[in-house]
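What you see is a predicted model; the values in this text were computed from it and never measured. The first residue of the sequence shown is numbered 1, and numbering continues consecutively from there.
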Amino acid sequence: MKSVFISGTAGSGKSLLTSKLHEYYTKNGAFAAILNLDAGVESLPYACDIDVRDHVDLVSIMRQYDLGPNGSLIMASDLIASKIDDIRAQVDDVNPDYLIVDTPGQVELFAYRSSGGYVVDNISAGEKTSIFLFDGALITTPVNFVSIALLSTSIRLRLGLPAINAVTKTDLIGPKIREILRWSSSLSSLEDAVAAESDGETYTLTSSILRGLNIGGFAQGLVPVSNVTGDGLVTLEGALSRILNRGEEVED
């Protein structure tokens, strides 16, 4: 079994990409299953094979501990870790070729609390990787792009997994996608774009961040994906295959 953890900022399209990736694997003859780790979500664009909401009830947490939505989500993230044996048993019972893990909408609940890393470590899988989604609507300026790139790198550090960076909502940003893809593969081009649009203080800060990203090997390019049309899924699966299957891709 191989696991793919999908993370990204709220609204970046994690659940929809989870659905599309599941459809792609299934259409091409692989047995894929979905694990939902978002205890607070009300509806999903897919049928869960394993659903954390069966183990952690957000409404009950709010009532029992007199917490608001944010506090209950924080507690829920830690309670999920306490249920890891039950969740792992369900995953092992299903035993798919590919387990696609839809992480919570609030990325900080999963990536920056110790419970998130604990869940990653305790999911039984031979190979694991993650996909971080860059919301195309948020990265149309170079400074915003750098901010999200820094977040992506931070989450990769926290989860300790090989990572693929993808940009979603490509159908909404038109020709801007070409510039964004150039920034993602050429940090010098991105630095020039920052210099053209920023004051001295912002440029100095972003240049320092870019040097760190360069050392960390960030500039490997983004995989553009449209959750509406499905464009880019073949390329994304190929990138996953190079990590999970040593290049033996699912045939289209």
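A donor-acceptor pair under 3.5 Å links the side-chain atoms of K14 to the main chain of G8, judged by distance alone. Checked by atom type and distance alone, the side chain of K128 pairs as donor or acceptor with a backbone atom of I123 at under 3.5 Å. At least one donor-acceptor pair under 3.5 Å links the side chain of T26 to the backbone N or O of H22. Using a distance-only test at 3.5 Å, with no hydrogens or angles considered, a donor-acceptor pair links the side chain of K176 to the main chain of T140. A distance-only check finds no donor-acceptor pair linking the side chain of S207 to the backbone of T204 [under 3.5 Å]. The closest donor-acceptor contact from the side chain of S72 to the backbone of I61 lies at 3.5 Å or more, if one exists at all. Checking side-chain atoms of R53 against main-chain N and O of V41 turns up a donor-acceptor pair under 3.5 Å. Side-chain atoms of S241 do not come within 3.5 Å of backbone N or O of G238 as any donor-acceptor pair.
Aromatic rings of Y25 and F31 (six-membered ring for Trp) have centroids beyond the 6.0 Å cut-off, not under it.
A donor-acceptor pair shorter than 3.5 Å cannot be found between the side chains of T153 and R156. Side-chain polar atoms of E191 and Y203 form a donor-acceptor pair below 3.5 angstrom. A donor and an acceptor atom, one from each side chain of S186 and S189, are nowhere located under 3.5 Å apart. Side-chain contact, Y98 with N245: a donor N or O sits under 3.5 Å from an acceptor N or O.
Y112 and L159 fall within the same hydrophobic cluster, where Ile, Leu, Val, Met, Phe, Trp and Tyr residues are linked whenever their side-chain heavy atoms come under 4.5 Å apart, directly or through other members. I155 is not connected to L157 by any chain of hydrophobic side-chain contacts under 4.5 Å among Ile, Leu, Val, Met, Phe, Trp and Tyr, and they are in different clusters. Under the 4.5 Å side-chain heavy-atom criterion for ILVMFWY residues, no single connected hydrophobic cluster contains both V56 and I74. In the hydrophobic cluster analysis, where Ile, Leu, Val, Met, Phe, Trp and Tyr join through side-chain heavy atoms closer than 4.5 angstrom, V225 is grouped apart from L172. Linking ILVMFWY side-chain heavy atoms closer than 4.5 Å, directly or via other members, places I177 and L16 in two distinct hydrophobic clusters.
Counting non-hydrogen atoms of other residues, nucleotides and ligands closer than 6.0 Å to CG of D199 gives a total above 12.
With values rounded to the nearest 0.5 angstrom, M75 atom CE is found 11.5 Å from L73 atom CG.
If you run side chain to side chain contact (heavy atoms under 4.5 Å, CB included) between I6 and each of L37, I100, I164, only I100 comes through. Of the options N36, D102, D38, T103, a side-chain hydrogen bond (donor to acceptor under 3.5 Å, both in side chains) to S15 is made by D102 and by none of the others.
Of all heavy-atom pairs spanning V52 and A39, the tightest one is CG1-N, 3.8 Å. The shortest heavy-atom contact between A81 and S115 is CB-CB, 3.7 Å. Of all non-hydrogen atoms in T170 and S226, the two that sit nearest each other are OG1-CB, 3.5 Å.
With respect to the salt-bridge test (charged N to carboxylate O, under 4.0 angstrom), the residues D86 and K83 do not qualify. Classification of K2 and D97 as a salt-bridged pair fails, no side-chain N sitting under 4.0 Å from a carboxylate O.
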